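Beneath this line is the structure, given in structure tokens, with notes to follow.
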Number of protein chains: 2
Amino acid sequence: MNAPHAVIKQGRKWDQVLDGARTVFMRDGFEGASVDDIVREAGVSKATLYSYFPDKRLLFIEVAKMECQAQSDAAVAQLEGSDDVRDVLTTAAKRMTKFFMSDVGLQVHRIIVGESQRFPEIGREFFESGPARVHAILRKFLQKSVDAGELNIDDIDLAADQFPELCKAGLHLKMVLGLREPPSEAEIDRVIEGAVDMFLCKYGA
Amino acid sequence: MNAPHAVIKQGRKWDQVLDGARTVFMRDGFEGASVDDIVREAGVSKATLYSYFPDKRLLFIEVAKMECQAQSDAAVAQLEGSDDVRDVLTTAAKRMTKFFMSDVGLQVHRIIVGESQRFPEIGREFFESGPARVHAILRKFLQKSVDAGELNIDDIDLAADQFPELCKAGLHLKMVLGLREPPSEAEIDRVIEGAVDMFLCKYGA
DNA sequence: AAAAAACTGAACTGGTCAGTTTATATTTCT
DNA sequence: AGAAATATAAACTGACCAGTTCAGTTTTTT
């Protein structure tokens, strides 16, 4: 069995190229990043890069995909470990907020929003691998809790949309626009507690 | 009294330039817009444009300022006309949501977020003339209602941050990324009612 | 009507950048 | 070791674009 382990021929320096591209795109955005910067960062020749990717746009899309994937893996996981609804929601809120406010999360958000006109598929990729997964997992948990009689929700999709929104309250937009320092633990806790309180006030059984 | 009515000499075609720039920037973004496109759209010579604005960046900032101003004027007004808290909140929510979902509102949001790294002052300008004004007006109304014993809020700033966030639930991001049709009246009403319900559930006296 | 101010059009500069080419070198496979 | 695949460096092309310049025209002011 010495069959090639991938149909797509990727060459020895595939990872280097992607790493370099990730660094430069995340630092400078799509327009701001020049291909020469990327090859310098990657320690690779321009010809090599272009032997992997036919153009800058497709390289960017590949990087964006990877970043979205990594993002959602880190931020989203099954909601388990406690039987108390408030605990579970608080944990979920902390995870989400942590990612929303991270440098990577903010920068991905900025770039995706800014380029979503130019590259519609990137917007979809981002949404599916991030917000949509959060929604799905939250939805599942809420449904389970409703079935168990612990929550009382008529429109579960709406509720699963509201909760993440509450976790951003006031902080996220300011951070995206670079208008404030990262929030302290205390500030985050205040927002999260406010979110959970409000959510349970409305939907608690 | 034939004194010039403005200290800054603006020339006859000032408005033409700004209108053309507004059209092209809002259509193509900052990088996507070429100065030649703008002068063509404005029906003005390049030399004229550069006699008003020293460079493309400052022209863009001027346009962004105007757009933010127009935005907040349209979306934000005193919250009056009814004594019923629910009515007032519902009206406010409708106005906000209408703007959030409008073509102009979405495009301004995309461009500002995308360019906020390159032009930090634009982010601030946008925030002050938009979200911050909404926050201030909402805050004032909430305080008044608390004083009148109609609401019961311990952290008014948090509450004033939560409400607009609830009004976006699920819709805004999808629209920004171009992932769905504009919501129907029914969908908007559903989100708004959900927002007001949840808000009053938590803070109603 | 004369003078002053504003505008025009078109060519030009200098710089950047995506993507290509080529001749050469290194790595990997057999 | 020899062949085949992969990578390199560097120069090059073609296009785009911000910003300048200037000789000449139109509009406004006096």
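So you know, we letter chains A, B, ... as the sequences are listed, proteins then strands, and number each from 1. Please read these numbers as outputs of a predicted model, since none were measured by experiment.
Here B:K56 reaches the OP1 or OP2 of D:dA18: one of its side-chain N or O atoms lies under 4.0 Å away. For the pair A:T48 and D:dA7, the criterion of a side-chain N or O lying under 4.0 Å from OP1 or OP2 is not met. For D:dA7, the OP1/OP2 oxygens have a side-chain nitrogen or oxygen of A:Y52 closer than 4.0 Å.
Picking from C:dG19, C:dC7, D:dC22 the nucleotide with the shortest atom distance to the side chain of A:K46 gives C:dG19.
Taking the six-membered ring where the residue is Trp, A:F60 and A:F119 present tilted rings, their angle falling between 30° and 60°. Between A:F100 and A:H172, the ring planes lie tilted relative to each other; the angle falls in the 30° to 60° range.
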Candidate pair B:Q143 and B:D147, rule side chain to side chain donor-acceptor pair (under 3.5 Å), full reasoning: CA-CA 6 Å; B:Q143 184 65 62; B:D147 292 344; 3.1 Å; yes
Side chain to side chain donor-acceptor pair (under 3.5 Å) between B:Q162 and B:Y203, intermediate numbers included: CA-CA 12 Å; B:Q162 287 171 325; B:Y203 296 126; 2.8 Å; yes
A:S45 and A:T48: CA distance, side-chain angles, deciding distance, side chain to side chain donor-acceptor pair (under 3.5 Å) verdict: CA-CA 5 Å; A:S45 78; A:T48 298; 2.9 Å; yes
Stepwise side chain to side chain contact (heavy atoms under 4.5 Å, CB included) check, B:R139 with B:D157: CA-CA 7 Å; B:R139 191 185 199 297; B:D157 276 319; 2.9 Å; yes
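Summarising the geometry, the separation between CG on B:D55 and P on D:dG19 is reported as 5 Å, rounded to the nearest angstrom. What separates CG of B:D28 from C1' of D:dC16 is a distance of 15 Å, to the nearest Å. Computed from coordinates, the B:Y50 OH to D:dC22 C1' distance equals 17 Å when rounded to whole Å. Taking atom CG of B:D15 as the reference point, atom P of C:dC7 lies 11 Å away to the nearest angstrom. Separating the CG atom of A:L59 from the C1' atom of C:dG19 is a distance of 13 Å, rounded to the nearest angstrom. Counting to the nearest Å, the P atom of D:dC16 and the CD atom of B:E31 are 16 Å from each other. In this structure, A:K13 atom NZ and D:dT6 atom C1' are separated by 9 Å, rounded to whole Å. Straight-line distance from the CZ atom of B:R118 to the P atom of D:dA18: 12 Å, rounded to whole Å.
The nearest heavy atom of DNA chain C to B:R12 and to A:P54 marks one nucleotide each, and the one closer to the 5' end goes with B:R12.
Proximity of residues 33-44 of chain A to DNA chain C (heavy atom under 4.0 angstrom from any strand atom) is restricted to A:A33, A:S34, A:V35.
Between B:R180 and B:L171, the shortest heavy-atom distance links the atoms NH1-CD2, 3.4 Å.
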